[in-house]
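To keep things clear, I will list the structure first and then write my remarks on it.
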Amino acid sequence: MMDTKKQALEKLKGHIKPDTGKWKEDVQWRRENRGWLRKSQKIAFDILQTLRAQKRSQKDLAAAMNVSPQQVNKWVKGRENFTLETIDKLERALGVDLLQQGQQTQSQALTHSFKTHYEAVSAEKEKIQSAEGGTRVIKLNPSEFTIAQQTG
């Protein structure tokens, strides 16, 4: 029985790779490059938020910029050390300023979201008024994007 355990342990040791210290190098690299990595992640997030707000895909962006979808995917992972030239091309393709700390992109996304919901609620309001012959008063509550009905 003891031999079986020793054999199993030896077999297991044969499958274990020695620690090359690569992970330590990776941690050190991330520490040394933390500043630009954070900025890259912010830009990547802003690109994704803008694409979502514009209802565009990464493939659409790739086509607009004449680059491969793989390149766009690399950009949105947040580990790309962007050049000013690349940022400028992205800004022109997206129609936003990526260097304004995300304020414009977030504002556009919120405006788009509000407009989309408001249009949906307004369309529902018109359907209800048409179905009821205009006899009900419909109040829109934009903060909740719901329709409240009152008989009047």
Side-chain angles (χ1 to χ4, degrees), residues 1-128 138-149:
M1 179 117 173
M2 197 58 111
D3 287 336
T4 307
K5 286 183 181 179
K6 285 183 181 179
Q7 288 174 343
L9 187 57
E10 290 302 316
K11 188 174 181 180
L12 183 61
K13 285 180 182 178
H15 291 289
I16 296 174
K17 294 180 182 177
D19 182 8
T20 61
K22 174 95 170 85
W23 67 271
K24 292 177 185 176
E25 293 172 14
D26 290 344
V27 169
Q28 183 63 30
W29 182 85
R30 282 193 301 274
R31 282 185 181 151
E32 291 171 358
N33 296 285
R34 182 178 295 152
W36 73 260
L37 280 169
R38 288 209 173 137
K39 288 177 176 85
S40 178
Q41 291 165 352
K42 186 210 123 347
I43 290 169
F45 180 77
D46 289 348
I47 291 168
L48 289 170
Q49 286 292 99
T50 301
L51 288 174
R52 179 177 290 148
Q54 295 176 356
K55 295 186 179 184
R56 294 172 63 191
S57 68
Q58 291 180 32
K59 284 185 180 182
D60 294 335
L61 179 59
M65 294 185 65
N66 199 27
V67 297
S68 70
Q70 292 83 1
Q71 182 62 46
V72 173
N73 186 265
K74 185 177 171 184
W75 290 335
V76 298
K77 286 186 178 184
R79 291 182 57 107
E80 180 72 11
N81 193 353
F82 292 99
T83 64
L84 291 174
E85 179 182 11
T86 302
I87 291 171
D88 180 62
K89 288 177 181 178
L90 281 163
E91 288 176 336
R92 284 187 278 127
L94 295 169
V96 296
D97 186 348
L98 294 171
L99 297 181
Q100 281 196 351
Q101 302 301 317
Q103 293 173 358
Q104 182 179 6
T105 304
Q106 289 173 358
S107 174
Q108 286 176 337
L110 288 172
T111 300
H112 176 77
S113 177
F114 179 82
K115 183 180 177 187
T116 301
H117 290 292
Y118 185 80
E119 288 170 355
V121 169
S122 295
E124 191 64 29
K125 170 189 162 193
E126 289 180 24
K127 285 183 197 174
I128 292 171
I138 308 297
K139 289 189 176 180
L140 298 180
N141 185 347
S143 65
E144 295 178 9
F145 303 113
T146 59
I147 297 175
Q149 295 185 12

**OP:** Determine whether Asp26 and Lys22 make a side-chain contact, defined as any pair of heavy atoms from C-beta on separated by less than 4.5 Å.
**Re:** yes

Subject >> Exam field: side chain Ser40 to backbone Gly78, donor-acceptor pair closer than 3.5 Å >> reply: yes

Original post:
Could you state the interatomic distance from CG (Leu99) to CD1 (Ile43), rounded to the nearest 0.5 Å?
Top reply: 6.0 Å

Original post:
According to the interplanar angle, ranging from 0 to 90°, do the rings of Phe82 and Trp75 count as parallel (below 30°), tilted (30 to 60°) or perpendicular (above 60°)?
Top reply: tilted

Original post:
How about Leu90 and Leu61: do any of their side-chain heavy atoms sit closer than 4.5 Å?
Top reply: yes

**OP:** Any chance you could measure Leu84, atom CG, to Glu91, atom CD, to the nearest 0.5 Å?
**Re:** 9.5 Å

**OP:** To the nearest 0.5 Å, tell me how far Arg79 CZ sits from Gln41 CD.
**Re:** 8.5 Å

Original post:
Can you tell me if Lys42 uses its side chain to pair, donor with acceptor, with the backbone of Leu98 under 3.5 Å?
Top reply: yes

**OP:** Using only heavy-atom distances, determine whether the side chains of Gln28 and Arg31 contain a donor-acceptor pair under 3.5 Å.
**Re:** no

Subject >> Euclidean distance, Lys5 NZ relative to Leu9 CG, rounded to 0.5 Å >> reply: 11.0 Å

**OP:** Quick one: do Lys89 and Glu85 satisfy salt bridge (charged side-chain N to carboxylate O under 4.0 Å, His left out)? Show the steps, please.
**Re:** CA-CA 6 Å; Lys89 288 177 181 178; Glu85 179 182 11; 3.4 Å; yes

Original post:
Is there a side-chain contact between Glu80 and Gln71, using heavy atoms and a 4.5 Å cut-off?
Top reply: yes

Subject >> Closest non-hydrogen atom pair between Ala64 and Arg56, with its separation >> reply: CB-NH2, 3.8 Å

Original post:
Would you say Asn66 has more than 12 foreign heavy atoms packed within less than 6.0 Å of its CG?
Top reply: no

**OP:** Flag the pair Gln58 / Pro69 as yes when at least one side-chain heavy-atom distance between them is below 4.5 Å, and no otherwise.
**Re:** no

Original post:
With Arg30, which residues qualify under salt bridge (charged side-chain N to carboxylate O under 4.0 Å, His left out), at least two apart?
Top reply: none

**OP:** Can you establish whether the number of heavy atoms outside Glu32 located under 6.0 Å from its atom CD is more than 12?
**Re:** yes

Original post:
Is the backbone of Asp46 close enough, under 3.5 Å, to the side chain of Thr50 for a donor and an acceptor to pair up by distance?
Top reply: yes

**OP:** Using the test side-chain hydrogen bond (donor to acceptor under 3.5 Å, both in side chains), find all partners of Lys11 that sit at least two apart in sequence or belong to another chain.
**Re:** none

**OP:** Working to the nearest 0.5 Å, report the span between CD1 of Ile87 and CG of Leu94.
**Re:** 12.0 Å

**OP:** Quick one: closest heavy-atom pair of Ser57 and Leu51, and the distance?
**Re:** O-CD2, 3.8 Å

